[in-house]
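A short write-up of the structure that comes next.
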Amino acid sequence: MTVQQFAKEIRRNTLRCLHSQGSGHVGGSLSIVDALAVLYSRYMHVDPHDPRMADRDKLVLSKGHSGPALYATLAIKGFFPAEWLDTLNKLGTRLPSHVNLNLTPGVDMTAGSLGQGLSCACGLALANRLNGIDRNVYVITGDGELQEGQNWEGAMFAAQKKLDSLIVLVDSNKLQIDGATADVMNVEDICAKFAAFGFDAQRVDGHDYEALDGAIHRAKIAKNGKPQCIVMDTVKGKGVSFYEAMGAGVHSTSVTDEQYEAALNELK
Amino acid sequence: MELRKEYVNELARLMRENDKIVILDADLAGAGGTKPLYKEFPDRCIDVGIAEANMICIAAGLAASGFVPFVHSFVPFVARRALDQIAVSVCYSEQNVRIVGFDPGVHTTSNGGTHMSFEDIATMRAFCNIAVVDIVDGVQLRKALPYITAHKGPMYIRFVRKQTDELFDDSYEFGFGKADKLRDGKDLTLIASGTMLFDAVKAADRLESEGYSVDLLGIATVKPLDEEAVLASARKTRRVLTAENHSIHGGLYGAVTETLSAKLPTLCDAVAVRDKITQVGSLNDLKRDYGLTADDIYARAKQLLTNNG
Ligand SMILES: Cc1ncc(C[n+]2csc(CCOP(=O)(O)OP(=O)(O)O)c2C)c(N)n1
Ligand SMILES: [Mg+2]
């Protein structure tokens, strides 16, 4: 399967998962799909049959509300049966819309209260160092999420402790719930901010597989004592025309039978 | 009407009268319902972005300068994530900040475990000087708002944004620190706060159909508790059951039993969450799973009524 096909498959399954509830966090799930496709096809050293393997790469989905995209990815990789995708948010489910490390094989950290993931990832990276494990810890944050001050406490710590195995991917889709991030509380210049905190920072098109691949590759091999940041320019709702067109409203929205069918048509 | 609509309509009216009221949101102005206020009062509505701790302290600064800030988010993000900011900048500093938490307890439904909080009343109640209000319906919210605005000192208010059930009609009068006496009875005291009042009414109906008479108290103000009403009722019935959408630790049951154990030791039980981890699910499934339904109230009431201790 090519990375393009993998990404389409993830999008279809993300919507399958959300459609089972009739609504959910569509926009921020779809905007990270291409990054997940590149990570899980080319970089993540993980074993679906041994999800807790000590010697693995880890991913912290700090914007935990985008769980459905990660679940779709993990299901395709074989971490659990695809049927689980239809249980989103039902009582007793293994797939709650906000990720939970105790419930889902392949989920490395719980998230949903925004702004905590980067700090948790610092702990994971530090533990790897103490345990002599040479693997990467990836974090995906939202752009609105960076308004939480704790991110910057984490960033300061990562640089101070020279956590160069830490790779922060910012999903810069320019939107949060109340509107454009630039209007609500501007977080730009994200690259310059992370650089000022001691990171190597790059900015790429978050839907260009080769650009993403190049950026992740550079971050992975840098090993220069600096934590790594990749700001991904993305589109909220990416891959489905009517979701892309919704603006801030796509954050949490419906996936009706008709919308699901129309979306699958676009994702053939 | 959705509670967020009642809320914003009444708040708009109060803001027209009182230019000291200010509104703060943390990226949930649309979801919480305050968005329309931003048009009419652009200077007095502030969306701080996803930064709740920052929001609480900004509100404290505004309050220290004579404003009456209302800050909003989902319960855990406003009442838990910013706890030390509330403790120091609001409660210890005795500032007139109104902390408003949406979708308490099981009402979080599909947002799940990270957004579900069963400890907000306990933590808020433990702080010095802060009043704690658990709202049942839109009428109560509308009637309480003028008082909430005028109150001196910090206050925490929790309510469900969307729910449309109604208990009270327009004749209802909100009394701060006063229990609402809903039924007069002699066999059992049933005390419920927030949306558990809906279930308490149903359970009381069923008990009454079996010939029991229930003294039913609605508690909007969990702190300060209407101790007189609780004591008067317990003196009559000698059996007290509380019902709350909250942990059994430190909420309504805590408040009621703290009072009774010191002044009138009484047989008590609680319909509340018993140390069970938060989770995702539909409202009805969650209520059933945590034992927060009218049936649960009925079953515990029956146990109390047949316990001759
Ligand atoms: C601490 C906290 N505050 C508020 C929320 C509610 N919330 C969920 S998603 C969201 C907006 C997130 O925006 P962004 O980080 O840009 O994510 P994306 O656009 O990728 O969905 C908010 C405010 C939350 N989950 N956690
Ligand atoms: Mg965003």
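These values consider heavy atoms only, across backbone and side chains, with no hydrogens, waters or symmetry-generated copies. Letters go in sequence order (proteins before strands), and every chain restarts at 1. Predicted, not measured: the structure shown is a model, and the values here were computed from it.
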Subject >> Min side-chain heavy-atom separation A:His65-B:His115 under 4.5 Å >> reply: no
Original post:
Does some side-chain heavy atom of B:Lys35 sit less than 4.5 Å from a side-chain heavy atom of A:Asp178?
Top reply: yes
Once rounded to the nearest 0.5 Å, what's the spacing between atom [atom1] of [X] and atom [atom2] of [Y]?
X	Y	atom1	atom2	answer
B:Asp27	A:His251	CG	NE2	7.5 Å
A:Leu114	B:Glu52	CG	CD	8.0 Å
A:Asp183	B:Asp47	CG	CG	10.5 Å

Subject >> Among the listed options A:His98, A:Met185, A:Gln116, the residue most often paired with chain B at heavy-atom distances under 4.5 Å >> reply: A:His98
Original post:
Do you know which of A:Leu103, A:Thr181, A:Ile177 has the most heavy-atom pairs with chain B at a distance under 4.5 angstrom?
Top reply: A:Ile177
Subject >> Residue B:Asn54 versus chain A: region with a heavy atom under 4.5 Å >> reply: neither
Atom of [X], atom of [Y] and distance for their closest heavy-atom approach:
X	Y	value
A:Pro96	B:Val280	CB-CG1, 3.9 Å
B:Arg81	A:Ser113	NH1-OG, 3.0 Å
B:Ser110	A:Ser97	O-OG, 3.2 Å

What part of [X] gets within 4.5 angstrom of chain B, counting heavy atoms only: side chain, backbone, both, or neither?
X	answer
A:Thr93	side chain
A:Gln176	both
A:His25	side chain
A:Ser23	neither
A:Ala111	backbone

Original post:
Which of the residues B:Thr114, B:Thr109, B:Ile50 is involved in the greatest number of heavy-atom pairs with chain A at under 4.5 angstrom?
Top reply: B:Ile50
Original post:
What option among B:Val48, B:Leu286, B:Asp289, B:Asn111 has the most heavy-atom pairs under 4.5 Å with chain A?
Top reply: B:Asn111
Residue [X] excluded, over 12 heavy atoms near [atom1] under 6.0 Å:
X	atom1	answer
A:Glu188	CD	yes
A:Phe242	CZ	yes
A:Lys90	NZ	yes

